[in-house]
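First the structure, in the form of C-alpha coordinates, and then the observations on it.
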Amino acid sequence: MKVTLLKSLLLAGLAASCFNVNAHRAWIVPQETQLSGENRWVSFDAAVSNDIFLSNYNPGRFSGVKVHAPDGTPTEVENMHKGKYRHVFDLALTQEGTYKVFTASNGLFARWYEDGKRKWYPGRGEAFSMEEFKKRVPKDADKLTVTQFSRRMETFVTLGAPTEKTLQATNKGLELIAITHPNELYAGEAAKFKFLIDGKPAVGAEVVAIREGTRYRNAQQEISVKADENGVVTLNWNGAGRYFFEAEYQDNKASAPATVRRGTYVAVLEVLPD
Amino acid sequence: MKHYIAPLLLVAAAAPSFASDLSVSVELPRLQVAEYHKPYVAVWIENDSNKVVSNLAVWYDVDMRNNEGEKWLKDMRQWWRRTGRNLDLPVDGMSGATRGPGTHQMRFSLEQAQLQNLPAGNYRLRVEAAREVGGRELINLPFTWPQTKTTTFKQAGNSELGAISFTINP
(Lines give C-alpha, C1' and ligand atoms only; values in the text may rest on other atoms or scores of the structure.)
Protein backbone atom coordinates (compact mmCIF):
# COMPACT_ATOMS: atom_id res chain seq x y z
CA MET A 1 0.00 0.00 0.00
CA LYS A 2 2.68 2.44 1.13
CA VAL A 3 4.90 1.45 -1.73
CA THR A 4 2.16 2.11 -4.26
CA LEU A 5 1.46 5.51 -2.77
CA LEU A 6 5.15 6.41 -2.81
CA LYS A 7 5.45 5.22 -6.39
CA SER A 8 2.49 7.23 -7.55
CA LEU A 9 3.79 10.32 -5.78
CA LEU A 10 7.15 9.90 -7.47
CA LEU A 11 5.50 9.41 -10.81
CA ALA A 12 3.33 12.46 -10.30
CA GLY A 13 6.41 14.48 -9.38
CA LEU A 14 8.21 13.33 -12.48
CA ALA A 15 5.28 14.05 -14.71
CA ALA A 16 4.91 17.54 -13.26
CA SER A 17 8.54 18.32 -13.97
CA CYS A 18 8.47 17.17 -17.60
CA PHE A 19 7.94 19.76 -20.26
CA ASN A 20 4.31 20.17 -21.14
CA VAL A 21 3.26 16.83 -19.69
CA ASN A 22 0.14 17.27 -17.60
CA ALA A 23 0.37 21.00 -18.21
CA HIS A 24 -2.68 22.85 -17.04
CA ARG A 25 -5.04 24.37 -19.50
CA ALA A 26 -4.79 28.11 -19.91
CA TRP A 27 -7.22 30.41 -21.66
CA ILE A 28 -8.38 33.91 -22.49
CA VAL A 29 -12.19 34.00 -22.45
CA PRO A 30 -14.18 36.87 -23.94
CA GLN A 31 -17.58 37.57 -22.40
CA GLU A 32 -19.02 37.91 -25.90
CA THR A 33 -17.57 37.76 -29.41
CA GLN A 34 -20.03 39.31 -31.86
CA LEU A 35 -21.10 42.86 -31.14
CA SER A 36 -23.25 45.54 -32.72
CA GLY A 37 -23.39 49.29 -32.24
CA GLU A 38 -20.65 51.83 -31.61
CA ASN A 39 -17.88 52.29 -29.02
CA ARG A 40 -18.41 48.92 -27.41
CA TRP A 41 -16.27 47.22 -24.79
CA VAL A 42 -15.62 43.56 -24.15
CA SER A 43 -14.51 42.14 -20.82
CA PHE A 44 -12.15 39.13 -20.67
CA ASP A 45 -11.06 36.57 -18.09
CA ALA A 46 -7.69 34.87 -18.42
CA ALA A 47 -6.47 32.07 -16.19
CA VAL A 48 -4.75 28.72 -15.83
CA SER A 49 -7.21 26.04 -14.81
CA ASN A 50 -8.31 22.62 -15.99
CA ASP A 51 -12.01 23.31 -15.44
CA ILE A 52 -13.51 25.06 -18.44
CA PHE A 53 -14.05 27.99 -17.76
CA LEU A 54 -13.90 27.97 -14.00
CA SER A 55 -10.97 29.93 -12.55
CA ASN A 56 -9.85 27.90 -9.56
CA TYR A 57 -6.13 27.18 -10.01
CA ASN A 58 -3.88 30.16 -10.71
CA PRO A 59 -4.10 33.48 -12.58
CA GLY A 60 -1.26 32.65 -14.99
CA ARG A 61 0.86 35.35 -16.59
CA PHE A 62 -1.19 37.59 -18.83
CA SER A 63 0.22 41.05 -18.12
CA GLY A 64 1.88 40.91 -21.56
CA VAL A 65 -1.30 40.04 -23.45
CA LYS A 66 -1.27 41.57 -26.95
CA VAL A 67 -4.03 42.87 -29.18
CA HIS A 68 -4.22 43.45 -32.91
CA ALA A 69 -6.96 45.84 -34.03
CA PRO A 70 -8.91 45.12 -37.24
CA ASP A 71 -6.58 47.36 -39.29
CA GLY A 72 -3.65 45.22 -38.08
CA THR A 73 -2.14 47.80 -35.72
CA PRO A 74 -1.22 46.78 -32.16
CA THR A 75 -3.44 48.15 -29.41
CA GLU A 76 -3.76 47.50 -25.70
CA VAL A 77 -6.16 46.11 -23.17
CA GLU A 78 -7.28 48.25 -20.23
CA ASN A 79 -8.10 47.82 -16.54
CA MET A 80 -5.86 44.78 -16.08
CA HIS A 81 -6.63 43.20 -12.73
CA LYS A 82 -4.87 40.20 -11.27
CA GLY A 83 -6.90 38.26 -8.75
CA LYS A 84 -6.16 35.14 -6.80
CA TYR A 85 -7.31 32.86 -9.60
CA ARG A 86 -7.68 34.94 -12.73
CA HIS A 87 -6.86 38.07 -14.64
CA VAL A 88 -9.67 40.35 -15.75
CA PHE A 89 -9.26 43.05 -18.38
CA ASP A 90 -11.24 45.10 -20.90
CA LEU A 91 -10.85 45.94 -24.54
CA ALA A 92 -12.37 49.05 -26.14
CA LEU A 93 -13.60 48.33 -29.68
CA THR A 94 -13.04 51.54 -31.58
CA GLN A 95 -12.84 50.02 -35.07
CA GLU A 96 -15.30 47.83 -36.94
CA GLY A 97 -14.00 44.35 -37.67
CA THR A 98 -12.16 41.51 -35.96
CA TYR A 99 -9.76 42.00 -33.04
CA LYS A 100 -7.27 39.33 -32.01
CA VAL A 101 -6.26 39.08 -28.34
CA PHE A 102 -3.28 36.79 -27.84
CA THR A 103 -0.04 35.68 -26.24
CA ALA A 104 2.72 33.94 -28.20
CA SER A 105 6.14 32.63 -27.31
CA ASN A 106 8.75 30.35 -28.79
CA GLY A 107 12.21 29.10 -27.97
CA LEU A 108 14.21 26.03 -27.02
CA PHE A 109 13.69 23.63 -24.17
CA ALA A 110 16.52 21.40 -23.00
CA ARG A 111 16.55 18.31 -20.76
CA TRP A 112 19.64 16.47 -19.61
CA TYR A 113 21.26 14.61 -16.70
CA GLU A 114 24.04 15.87 -14.47
CA ASP A 115 25.54 13.44 -11.92
CA GLY A 116 22.53 11.23 -12.49
CA LYS A 117 20.12 14.07 -11.70
CA ARG A 118 17.53 15.38 -14.12
CA LYS A 119 18.00 19.00 -15.24
CA TRP A 120 16.08 21.24 -17.58
CA TYR A 121 15.94 24.74 -19.00
CA PRO A 122 13.87 26.92 -18.93
CA GLY A 123 12.45 26.01 -15.52
CA ARG A 124 8.77 25.92 -14.78
CA GLY A 125 7.29 29.38 -15.26
CA GLU A 126 10.58 30.74 -16.58
CA ALA A 127 10.76 32.56 -19.95
CA PHE A 128 13.19 31.36 -22.60
CA SER A 129 16.18 33.45 -23.65
CA MET A 130 18.91 32.33 -26.04
CA GLU A 131 21.61 33.88 -23.83
CA GLU A 132 20.50 31.95 -20.77
CA PHE A 133 20.17 28.82 -22.87
CA LYS A 134 23.79 29.08 -24.03
CA LYS A 135 24.98 29.81 -20.50
CA ARG A 136 23.09 27.07 -18.70
CA VAL A 137 22.80 24.14 -21.07
CA PRO A 138 26.04 22.11 -21.33
CA LYS A 139 26.54 21.13 -24.98
CA ASP A 140 27.91 17.67 -24.18
CA ALA A 141 25.50 16.88 -21.34
CA ASP A 142 24.39 13.34 -20.64
CA LYS A 143 21.19 12.39 -22.55
CA LEU A 144 20.67 15.95 -23.74
CA THR A 145 17.50 16.52 -25.75
CA VAL A 146 16.61 19.94 -27.12
CA THR A 147 13.07 20.76 -28.22
CA GLN A 148 12.11 23.73 -30.36
CA PHE A 149 8.78 24.91 -28.92
CA SER A 150 6.09 27.43 -29.78
CA ARG A 151 3.02 28.30 -27.77
CA ARG A 152 0.19 30.51 -28.86
CA MET A 153 -3.05 31.41 -27.12
CA GLU A 154 -5.70 33.45 -28.91
CA THR A 155 -9.25 34.63 -28.94
CA PHE A 156 -11.22 36.85 -31.31
CA VAL A 157 -13.98 39.45 -31.00
CA THR A 158 -15.76 41.29 -33.80
CA LEU A 159 -17.62 44.58 -33.88
CA GLY A 160 -19.89 44.71 -36.94
CA ALA A 161 -18.88 42.49 -39.86
CA PRO A 162 -15.92 40.09 -39.45
CA THR A 163 -12.64 40.98 -41.18
CA GLU A 164 -9.55 38.96 -42.13
CA LYS A 165 -6.55 41.19 -41.52
CA THR A 166 -5.85 40.05 -37.94
CA LEU A 167 -6.04 36.39 -39.01
CA GLN A 168 -2.88 36.41 -41.10
CA ALA A 169 -0.12 33.94 -40.24
CA THR A 170 3.28 34.98 -38.92
CA ASN A 171 4.70 31.65 -40.22
CA LYS A 172 6.32 31.07 -36.85
CA GLY A 173 5.27 28.18 -34.63
CA LEU A 174 1.90 26.43 -34.68
CA GLU A 175 -0.84 28.71 -36.01
CA LEU A 176 -4.49 28.53 -36.98
CA ILE A 177 -5.58 29.70 -40.41
CA ALA A 178 -9.28 30.41 -40.57
CA ILE A 179 -11.15 28.72 -43.39
CA THR A 180 -14.29 29.33 -41.34
CA HIS A 181 -13.96 32.73 -39.65
CA PRO A 182 -13.49 32.26 -35.86
CA ASN A 183 -16.33 34.73 -35.22
CA GLU A 184 -18.66 32.98 -37.69
CA LEU A 185 -19.27 29.76 -35.80
CA TYR A 186 -22.77 28.29 -35.53
CA ALA A 187 -23.88 25.13 -33.75
CA GLY A 188 -25.42 23.52 -36.83
CA GLU A 189 -22.56 24.29 -39.23
CA ALA A 190 -19.27 22.42 -39.50
CA ALA A 191 -16.18 24.62 -39.06
CA LYS A 192 -12.94 24.21 -41.00
CA PHE A 193 -9.52 25.40 -39.88
CA LYS A 194 -6.05 24.89 -41.21
CA PHE A 195 -2.96 24.52 -39.03
CA LEU A 196 0.51 25.65 -40.04
CA ILE A 197 3.81 24.83 -38.37
CA ASP A 198 6.41 27.46 -39.27
CA GLY A 199 4.31 28.30 -42.33
CA LYS A 200 3.84 24.72 -43.62
CA PRO A 201 0.78 22.48 -43.16
CA ALA A 202 0.86 20.87 -39.69
CA VAL A 203 -0.08 17.41 -40.95
CA GLY A 204 -1.44 15.21 -38.18
CA ALA A 205 -1.83 18.02 -35.61
CA GLU A 206 -4.15 16.78 -32.88
CA VAL A 207 -7.05 19.03 -32.06
CA VAL A 208 -9.41 18.86 -29.09
CA ALA A 209 -12.42 21.12 -28.55
CA ILE A 210 -14.39 21.14 -25.29
CA ARG A 211 -17.55 23.16 -24.73
CA GLU A 212 -17.69 25.29 -21.59
CA GLY A 213 -19.52 24.20 -18.47
CA THR A 214 -17.76 20.87 -17.86
CA ARG A 215 -18.65 21.11 -14.15
CA TYR A 216 -22.34 20.82 -15.02
CA ARG A 217 -22.00 17.50 -16.81
CA ASN A 218 -20.41 14.15 -16.14
CA ALA A 219 -18.13 13.90 -19.16
CA GLN A 220 -15.75 16.29 -20.91
CA GLN A 221 -17.50 15.51 -24.22
CA GLU A 222 -14.43 16.55 -26.13
CA ILE A 223 -14.38 16.64 -29.92
CA SER A 224 -11.09 15.13 -31.13
CA VAL A 225 -9.87 15.49 -34.69
CA LYS A 226 -6.60 15.11 -36.52
CA ALA A 227 -5.33 17.47 -39.23
CA ASP A 228 -5.32 15.90 -42.71
CA GLU A 229 -2.52 15.99 -45.31
CA ASN A 230 -3.17 19.71 -45.84
CA GLY A 231 -3.22 20.52 -42.13
CA VAL A 232 -7.00 20.95 -42.26
CA VAL A 233 -9.49 19.90 -39.57
CA THR A 234 -13.29 19.88 -39.75
CA LEU A 235 -15.27 20.16 -36.53
CA ASN A 236 -18.90 19.44 -35.83
CA TRP A 237 -19.80 21.30 -32.63
CA ASN A 238 -21.54 19.87 -29.57
CA GLY A 239 -24.05 22.70 -29.51
CA ALA A 240 -23.68 26.41 -28.81
CA GLY A 241 -21.29 27.82 -26.22
CA ARG A 242 -17.72 28.92 -25.79
CA TYR A 243 -15.16 26.23 -26.52
CA PHE A 244 -11.68 25.56 -25.23
CA PHE A 245 -9.87 24.61 -28.43
CA GLU A 246 -6.37 23.17 -28.36
CA ALA A 247 -4.04 21.85 -31.05
CA GLU A 248 -0.76 20.02 -30.54
CA TYR A 249 1.86 19.15 -33.09
CA GLN A 250 5.23 17.44 -32.91
CA ASP A 251 7.82 16.30 -35.46
CA ASN A 252 11.58 15.86 -35.91
CA LYS A 253 12.06 18.70 -38.38
CA ALA A 254 13.69 21.02 -35.85
CA SER A 255 16.57 23.42 -36.48
CA ALA A 256 19.84 22.56 -34.72
CA PRO A 257 20.61 22.30 -31.85
CA ALA A 258 17.00 21.12 -31.38
CA THR A 259 16.01 17.63 -32.52
CA VAL A 260 12.29 17.85 -31.77
CA ARG A 261 9.87 20.52 -32.94
CA ARG A 262 6.73 21.01 -30.91
CA GLY A 263 3.85 23.50 -31.12
CA THR A 264 0.80 24.12 -28.98
CA TYR A 265 -2.08 26.37 -29.94
CA VAL A 266 -5.03 27.31 -27.75
CA ALA A 267 -8.06 29.39 -28.67
CA VAL A 268 -11.36 30.16 -27.04
CA LEU A 269 -14.06 30.11 -29.71
CA GLU A 270 -17.70 31.05 -29.31
CA VAL A 271 -20.30 29.02 -31.18
CA LEU A 272 -23.73 30.63 -31.45
CA PRO A 273 -27.10 28.89 -31.82
CA ASP A 274 -28.37 28.78 -35.42
CA MET B 1 -32.91 28.76 -77.77
CA LYS B 2 -32.96 28.25 -74.02
CA HIS B 3 -30.52 31.11 -73.67
CA TYR B 4 -33.10 33.48 -75.02
CA ILE B 5 -36.00 32.27 -72.95
CA ALA B 6 -34.50 33.00 -69.55
CA PRO B 7 -33.99 36.73 -70.05
CA LEU B 8 -37.45 37.05 -71.62
CA LEU B 9 -39.00 35.48 -68.54
CA LEU B 10 -37.09 37.89 -66.38
CA VAL B 11 -38.35 40.85 -68.31
CA ALA B 12 -41.88 39.53 -68.00
CA ALA B 13 -41.53 39.14 -64.24
CA ALA B 14 -40.11 42.59 -63.85
CA ALA B 15 -42.60 44.33 -66.12
CA PRO B 16 -44.45 47.06 -64.24
CA SER B 17 -47.90 46.04 -63.16
CA PHE B 18 -49.79 48.75 -61.34
CA ALA B 19 -51.17 46.69 -58.52
CA SER B 20 -47.99 44.76 -57.75
CA ASP B 21 -47.20 44.76 -54.09
CA LEU B 22 -46.35 42.65 -51.09
CA SER B 23 -47.97 42.77 -47.74
CA VAL B 24 -46.60 41.34 -44.55
CA SER B 25 -48.47 40.90 -41.31
CA VAL B 26 -46.55 40.27 -38.08
CA GLU B 27 -48.29 39.46 -34.84
CA LEU B 28 -46.45 40.12 -31.59
CA PRO B 29 -48.12 38.14 -28.82
CA ARG B 30 -49.14 39.66 -25.50
CA LEU B 31 -46.95 37.93 -22.95
CA GLN B 32 -47.66 37.40 -19.27
CA VAL B 33 -44.26 38.31 -17.95
CA ALA B 34 -43.11 40.42 -15.00
CA GLU B 35 -40.75 42.55 -17.08
CA TYR B 36 -41.78 43.23 -20.65
CA HIS B 37 -39.69 45.02 -23.26
CA LYS B 38 -40.94 45.39 -26.79
CA PRO B 39 -38.98 43.00 -29.01
CA TYR B 40 -36.51 43.88 -31.71
CA VAL B 41 -37.94 42.54 -34.99
CA ALA B 42 -36.45 42.15 -38.47
CA VAL B 43 -38.15 41.12 -41.72
CA TRP B 44 -36.16 40.24 -44.83
CA ILE B 45 -36.07 37.99 -47.91
CA GLU B 46 -33.30 35.55 -48.83
CA ASN B 47 -32.70 33.47 -51.92
CA ASP B 48 -31.96 29.74 -51.76
CA SER B 49 -28.25 30.34 -51.23
CA ASN B 50 -28.88 32.41 -48.07
CA LYS B 51 -28.20 35.69 -49.83
CA VAL B 52 -30.34 38.59 -48.73
CA VAL B 53 -32.29 40.07 -51.66
CA SER B 54 -34.53 42.42 -49.72
CA ASN B 55 -34.48 44.12 -46.34
CA LEU B 56 -38.05 45.00 -45.46
CA ALA B 57 -38.03 46.16 -41.86
CA VAL B 58 -36.05 46.38 -38.66
CA TRP B 59 -37.70 47.64 -35.49
CA TYR B 60 -35.34 48.60 -32.68
CA ASP B 61 -34.70 51.37 -30.15
CA VAL B 62 -33.88 53.92 -32.84
CA ASP B 63 -34.27 56.88 -30.53
CA MET B 64 -31.83 56.01 -27.77
CA ARG B 65 -29.06 58.55 -27.34
CA ASN B 66 -25.64 57.82 -28.89
CA ASN B 67 -27.28 55.07 -30.97
CA GLU B 68 -27.17 52.83 -27.91
CA GLY B 69 -30.17 50.92 -29.19
CA GLU B 70 -27.87 49.31 -31.78
CA LYS B 71 -26.17 47.35 -29.00
CA TRP B 72 -28.85 44.64 -29.11
CA LEU B 73 -29.23 44.35 -32.90
CA LYS B 74 -26.89 41.34 -32.87
CA ASP B 75 -29.41 39.45 -30.74
CA MET B 76 -31.39 38.99 -33.94
CA ARG B 77 -28.61 36.58 -34.75
CA GLN B 78 -29.57 35.46 -38.24
CA TRP B 79 -30.53 38.92 -39.40
CA TRP B 80 -27.33 40.37 -37.93
CA ARG B 81 -25.22 37.75 -39.66
CA ARG B 82 -26.96 37.79 -43.02
CA THR B 83 -27.40 41.53 -43.45
CA GLY B 84 -27.58 43.74 -40.33
CA ARG B 85 -23.87 43.94 -39.73
CA ASN B 86 -23.29 45.17 -43.28
CA LEU B 87 -25.86 47.97 -43.10
CA ASP B 88 -25.34 51.56 -42.07
CA LEU B 89 -28.26 52.09 -39.72
CA PRO B 90 -30.75 53.64 -39.54
CA VAL B 91 -31.93 52.96 -43.10
CA ASP B 92 -34.74 55.15 -44.41
CA GLY B 93 -37.99 53.31 -45.00
CA MET B 94 -36.73 50.22 -43.21
CA SER B 95 -35.72 51.17 -39.67
CA GLY B 96 -38.45 51.97 -37.24
CA ALA B 97 -39.23 52.07 -33.54
CA THR B 98 -40.11 48.90 -31.62
CA ARG B 99 -43.78 47.97 -31.51
CA GLY B 100 -45.92 46.46 -28.81
CA PRO B 101 -48.26 43.45 -28.78
CA GLY B 102 -50.78 43.29 -31.63
CA THR B 103 -50.87 42.64 -35.38
CA HIS B 104 -48.74 44.94 -37.48
CA GLN B 105 -49.40 45.31 -41.20
CA MET B 106 -46.82 46.43 -43.72
CA ARG B 107 -47.25 46.98 -47.43
CA PHE B 108 -44.46 47.40 -49.98
CA SER B 109 -44.47 48.13 -53.67
CA LEU B 110 -42.07 45.92 -55.62
CA GLU B 111 -39.81 48.91 -55.90
CA GLN B 112 -39.84 49.60 -52.18
CA ALA B 113 -39.16 45.93 -51.53
CA GLN B 114 -36.22 46.02 -54.01
CA LEU B 115 -37.87 43.15 -55.88
CA GLN B 116 -38.40 44.61 -59.37
CA ASN B 117 -35.54 42.60 -60.84
CA LEU B 118 -35.83 39.51 -58.72
CA PRO B 119 -34.92 36.40 -60.80
CA ALA B 120 -37.41 33.54 -60.81
CA GLY B 121 -36.58 30.99 -58.10
CA ASN B 122 -37.04 29.82 -54.57
CA TYR B 123 -36.95 32.34 -51.75
CA ARG B 124 -37.94 32.69 -48.13
CA LEU B 125 -39.32 35.54 -46.12
CA ARG B 126 -37.73 35.52 -42.67
CA VAL B 127 -39.06 37.18 -39.53
CA GLU B 128 -36.85 37.26 -36.45
CA ALA B 129 -37.69 38.64 -33.01
CA ALA B 130 -35.46 39.05 -29.95
CA ARG B 131 -36.63 40.50 -26.66
CA GLU B 132 -34.61 41.83 -23.73
CA VAL B 133 -34.94 39.46 -20.73
CA GLY B 134 -36.99 37.30 -23.09
CA GLY B 135 -36.37 34.89 -25.93
CA ARG B 136 -35.70 34.84 -29.63
CA GLU B 137 -37.68 33.29 -32.48
CA LEU B 138 -37.12 32.99 -36.20
CA ILE B 139 -39.90 32.13 -38.69
CA ASN B 140 -39.24 31.19 -42.32
CA LEU B 141 -41.90 31.40 -45.05
CA PRO B 142 -40.67 29.70 -48.23
CA PHE B 143 -42.13 30.92 -51.54
CA THR B 144 -41.42 30.81 -55.25
CA TRP B 145 -41.10 33.91 -57.37
CA PRO B 146 -42.89 35.06 -59.43
CA GLN B 147 -46.50 34.27 -58.58
CA THR B 148 -49.25 34.54 -61.21
CA LYS B 149 -52.11 35.25 -58.83
CA THR B 150 -52.53 36.67 -55.36
CA THR B 151 -51.03 34.17 -52.97
CA THR B 152 -50.72 34.20 -49.20
CA PHE B 153 -48.15 32.28 -47.15
CA LYS B 154 -48.78 31.73 -43.46
CA GLN B 155 -47.05 30.41 -40.40
CA ALA B 156 -47.26 30.95 -36.68
CA GLY B 157 -44.56 31.30 -34.10
CA ASN B 158 -44.92 29.84 -30.65
CA SER B 159 -42.97 32.10 -28.31
CA GLU B 160 -41.92 35.57 -29.42
CA LEU B 161 -43.96 35.70 -32.62
CA GLY B 162 -47.64 35.05 -33.31
CA ALA B 163 -49.27 34.64 -36.72
CA ILE B 164 -47.10 35.70 -39.64
CA SER B 165 -48.54 36.08 -43.12
CA PHE B 166 -47.12 37.26 -46.37
CA THR B 167 -49.16 38.06 -49.48
CA ILE B 168 -47.83 38.55 -53.00
CA ASN B 169 -50.17 40.56 -55.15
CA PRO B 170 -48.79 40.22 -58.69
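Scope of the values below: all heavy atoms of this structure, side chains included, with no hydrogens, waters or symmetry mates. In the text below, chain A, chain B and the rest are named by the order of the sequence lines, each starting its count at 1.
The greatest number of non-hydrogen atom pairs below 4.5 Å with chain B, out of Q34(A), E32(A), E184(A), E96(A), is found for E184(A). In terms of heavy-atom pairs under 4.5 angstrom with chain B, the leader among L159(A), T158(A), D274(A), L272(A) is D274(A). Of the listed residues (R85(B), K74(B), Q78(B), E70(B)), the one with the most heavy-atom contacts under 4.5 Å to chain A is R85(B).
Under a cutoff of 6.0 Å and an axis angle of 45°, R81(B) and Y186(A) form a cation-pi pair.
Few gaps surround CD on E132(B); more than 12 heavy atoms of other groups in view lie less than 6.0 Å from it. Around the CZ atom of R126(B), the shell of radius 6.0 Å holds more than 12 heavy atoms that belong to other residues, nucleotides or ligands. Other residues, nucleotides and ligands contribute more than 12 heavy atoms inside 6.0 Å of the CZ atom of R99(B).
Nearest heavy-atom pair, S36(A) versus W72(B), reported as atom, atom and distance to 0.1 Å: OG-N, 4.0 Å. When all heavy atoms of E38(A) and N66(B) are compared, the pair lying nearest together is OE1-O, 4.1 Å.
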